[in-house]
Amino acid sequence: MKVKVLLITLCMVLINQCAMASRLPDDFWNYLKKQFPNSTQRFDSLIVLADGTTYIPLYPAQTTEEKTINVEYTYPAGKSLASKPEVVIFNNNYVLLKLLKDKNGNFSITKNEDLPLKVKLGVMPQDMLVPVGLQVPDSLKLILGDLVIPQKGDNLITTSTDAKIDSIKDEKAQLFPLNELKNKKTIISTDKSKFVLVYNGEAGNDGKNSLYELKLNGLPSKILASNKSKFALVMYFGSKTLEVVDLTNERMVAQINLDDMPKDADLDTVNNIAYVASANASTVYAIDLNAAKLMKSIKLEQSPYKIAVSNDGESLGFIDRNTQKVYSLKPNNAGEGYIAKYIAEGKNLSRILYKDDKIYTISRTENLLSVYNEPDGVLTEEIKLNEKPVDAVFYHDKIYILCAKDSIINVYDTKNGKIVENIMLDNSGFYSKITMIPNQPNALITGIQTKKFLLLNLDKMIISKKQNTNINVSNIIIVDNAAPSREETKEAL
């Protein structure tokens, strides 16, 4: 009996050492990518499929090298891998457990306690971000290893109990009755509080927990969210430290210390990398939002202030804070280091965009949109805008430019090289931000002092809805909530 216990203990030690690596073997990961196209491997090796389905891998006590990886067992029995069963055992001894979520937001894995020994002797990645309140059957407790299941009160981002944002009870009906935000998670910060307001618009939510507050570790200056990984990058006023937050579990994943305070950030949506500009450090930092870590620091002679990532994720554009000159930034041909290329002079630039070898800059005081051909650095267009353009977004081949003083949106057609529409806003305040709603032809128009949300239909080029609110919006981010699978829906019922 003692020998058996010793062997099991030794197996658990070996598994834990393996699981700390938190990266699946290349051959196994390549196999999974072929079976589940567009899936991603999170920093803690959790597998996230294109539709949001998440699998927790169990590292085996002993792996076997297989020329061909195959499915050895599934639960429910006889299911194909494409049907996304709850439990999958492979012939290399790795196991995948489906992460289930019910309509109340509770996480669990399979309730089947009669599973093969390979499951019970596997172990979860030991640096895994464990979902709050994860429910694990007693017979499978060993798979946790040294992991501790956090409860609601253990969140690093904590629910507010001592502060409110402008009487939320009165605002619930006003804030988000928008159908466009169903199946979305919306996070709003103000310019005065560490508390952010969260609207969780999951399908089937009865409204009891749809609107609540969370506390950040400081006053956020900018929040950048990845709809792909559901991670957010948070920048704080007066701080050199960035934080990466998991929006699904509402927990901090990582803190990243920079050489100096960041000024701006933009997201490469192709590779899921956030680029952060710090003028004082003369550096652009690349943050991998798949792995929640700093990838590299790009030192420059300039002081990058405003930044934009090209639509293919291959290049950057930035504005030098000290000179207002515009530069592009690309890897050099040798594959080592980057080359900052001068493009043009600028004046009081509020925005820079980069798409299809074209760099677009917007001058807040000159009320001017300038278009440059990046390869030869030539100015190709100058378009007069309405007064005080402060923000802009791309949607297909058009740029929607928010002109705050005139309360108007100029729509610039990049194919025709001209303004094709002017969309009037109301005169209730200084609108300053356009936020795209993922996978919709819609955007929200907000401002710090407007206390109103405007819904912009980008296809029709009209303001389709207006809604009053009692809060001042500084940052607003919107990501998709993962649609529940049929199995999860049945479980919730």
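Worth knowing before you read on, the calculation uses all heavy atoms, side chains too, and leaves out hydrogens, waters and symmetry mates.
Ion pairing of Glu250 with Lys230 is absent here, as no side-chain N (NZ or NE/NH1/NH2) approaches a carboxylate O to less than 4.0 Å. Of the charged side-chain nitrogens involved, at least one lies within less than 4.0 Å of a carboxylate oxygen, so that Lys118 and Glu72 count as a salt-bridged pair. Between Lys465 and Glu180, at least one side-chain nitrogen of the basic residue sits less than 4.0 Å from a carboxylate oxygen of the acidic one, meeting the salt-bridge criterion.
With sequence neighbours excluded, no residue forms a salt bridge (Lys or Arg N to Asp or Glu O under 4.0 Å) with Lys194. Partners of Tyr275 according to the ring pair (Phe, Tyr, Trp, His ring centres under 6.0 Å) rule, which considers only residues two or more places apart in sequence or in another chain, do not exist here. Take Tyr73 and apply the side chain to side chain contact (heavy atoms under 4.5 Å, CB included) test, not counting sequence neighbours, and it matches Tyr75, Val87, Ile89, Asn112, Leu115, Pro116. For Phe237, there are no ring pair (Phe, Tyr, Trp, His ring centres under 6.0 Å) partners two or more places apart in sequence or in a different chain. Applying the salt bridge (Lys or Arg N to Asp or Glu O under 4.0 Å) test to Lys293 and every residue at least two apart in sequence or in another chain returns nothing. Residues satisfying the side chain to side chain contact (heavy atoms under 4.5 Å, CB included) test with Ser80, not counting sequence neighbours, are Ala82, Ser83. Listed by chain and residue number, Thr241 satisfy the side-chain hydrogen bond (donor to acceptor under 3.5 Å, both in side chains) test with Asn257 (two or more places apart in sequence, or in another chain). Listed by chain and residue number, Asp312 satisfy the side chain to side chain contact (heavy atoms under 4.5 Å, CB included) test with Glu314 (two or more places apart in sequence, or in another chain). Take Ser226 and apply the side chain to side chain contact (heavy atoms under 4.5 Å, CB included) test, not counting sequence neighbours, and it matches Lys228, Ser229, Leu267, Asn272, Leu289.
Counting heavy atoms from C-beta outward, Ile256 and Val244 have side chains that approach closer than 4.5 Å. Between Pro125 and Ile56 the shortest side-chain heavy-atom distance falls below 4.5 Å. Within the 4.5 Å cutoff, the side chain of Ile352 has heavy atoms near those of the Ile359 side chain. Side-chain contact between Ile149 and Val136: present, with at least one pair of heavy atoms (C-beta onward) separated by less than 4.5 Å. The shortest side-chain heavy-atom distance between Leu455 and Ile437 falls under the 4.5 Å cut-off. Counting heavy atoms from C-beta on, the side chains of Lys433 and Ile476 come closer than 4.5 Å. A heavy-atom distance below 4.5 Å is not found between the side chains of Asn91 and Thr68. Residues Tyr55 and Leu46 fail the side-chain proximity criterion, which asks for heavy atoms closer than 4.5 Å.
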message = Test side chain to side chain contact (heavy atoms under 4.5 Å, CB included) on Val196 and Leu216; report intermediate values, then the result.
response = CA-CA 7 Å; Val196 294; Leu216 298 177; 3.6 Å; yes
Salt bridge (Lys or Arg N to Asp or Glu O under 4.0 Å) between Asp114 and Lys120, intermediate numbers included = CA-CA 10 Å; Asp114 186 23; Lys120 298 178 181 180; 5.5 Å; no
message = If you apply the rule side chain to side chain donor-acceptor pair (under 3.5 Å), what do you find for Lys79 with Thr74, and how did you get there?
response = CA-CA 6 Å; Lys79 292 285 187 178; Thr74 67; over 6 Å; no
query = Is there a side chain to side chain contact (heavy atoms under 4.5 Å, CB included) between Val276 and Ile287 once you walk through the steps?
reply = CA-CA 8 Å; Val276 180; Ile287 313 295; 4.1 Å; yes
key: side chain to side chain contact (heavy atoms under 4.5 Å, CB included) between Thr248 and Phe107, worked out   = CA-CA 11 Å; Thr248 302; Phe107 291 95; 3.9 Å; yes
request  = Decide ring-ring contact (aromatic ring centres under 6.0 Å, His included) for Phe394 and Tyr360; before the verdict, give the C-alpha distance in whole Å, the side-chain angles of both, and the deciding distance to 0.1 Å.
outcome  = CA-CA 11 Å; Phe394 253 107; Tyr360 304 83; 5.4 Å; yes
message = Evaluate Glu374 against Lys330 for salt bridge (Lys or Arg N to Asp or Glu O under 4.0 Å), listing each step before the verdict.
response = CA-CA 11 Å; Glu374 192 281 332; Lys330 293 184 174 183; 3.0 Å; yes
request  = Apply side chain to side chain contact (heavy atoms under 4.5 Å, CB included) to Thr110 and Val119, showing your working.
outcome  = CA-CA 11 Å; Thr110 181; Val119 178; over 6 Å; no
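A donor-acceptor contact closer than 3.5 angstrom links the side chains of Glu243 and Tyr236. Neither side chain, Ser108 nor Gln135, offers a donor N or O lying under 3.5 Å from an acceptor on the other. Side-chain contact check for Asp391 and Tyr400: no donor-acceptor pair (N or O, by modelled atom type) lies under 3.5 Å. Side-chain contact annotation: Asn311 with Asp356, donor-acceptor N/O pair under 3.5 Å present. Using modelled atom types, one finds no donor on one side chain facing an acceptor on the other under 3.5 Å when comparing Asp480 with Asn183.
Side-chain N or O atoms of Ser310 include none that pairs as donor or acceptor with a backbone N or O of Leu316 at under 3.5 Å. When atom types are taken as modelled, the side chain of Thr54 and the backbone of Gly52 share a donor-acceptor pair closer than 3.5 angstrom.
Judged as a salt bridge (charged side-chain N to carboxylate O under 4.0 Å, His left out), the pairs with a partner in residues 263-291 (not counting sequence neighbours) are, in order, Lys222-Asp264. Here salt bridge (charged side-chain N to carboxylate O under 4.0 Å, His left out) pairs that include residues 26-36, with residues two or more places apart or in two chains, number zero. Within the structure, every pair that satisfies the side chain to side chain donor-acceptor pair (under 3.5 Å) test and touches residues 136-145, not counting sequence neighbours, is listed here: Glu113-Ser139.
Residues Gln126 and Leu144 approach most closely at NE2-O, 3.2 Å, considering heavy atoms. Across every non-hydrogen atom of Ile434 and Ala392, the tightest pair is CD1-CA, 4.5 Å. Residues Pro304 and Ala277 come closest through the heavy atom pair O-CB, 3.7 Å. Taking every heavy atom of both residues into account, Tyr338 and Pro331 meet most closely at CD2-N, 3.5 Å. For the residue pair Asn92 and Pro60, the shortest heavy atom distance occurs at O-CG, 4.2 Å. The minimum heavy-atom distance linking Ala286 with Leu294 is given by the pair O-CD1, 3.5 Å.
In Tyr395, the OH atom is crowded: over 12 heavy atoms of neighbouring residues, nucleotides or ligands sit closer than 6.0 Å. Counting heavy atoms of neighbouring residues, nucleotides and ligands inside a 6.0 Å radius, atom CG of Asp459 exceeds 12 of them.
Between Gln41 and the choices Asn290, Val48, Leu32, Leu24, the side-chain contact (heavy atoms from CB on, under 4.5 Å) rule is met once, by Leu24.
The aromatic rings of Phe318 and Tyr327 lie parallel to each other, with less than 30° between the two planes, well short of the 60° mark.
With rounding to the nearest 0.5 Å, the separation of CD1 in Ile47 from CZ in Phe28 is 7.5 Å.
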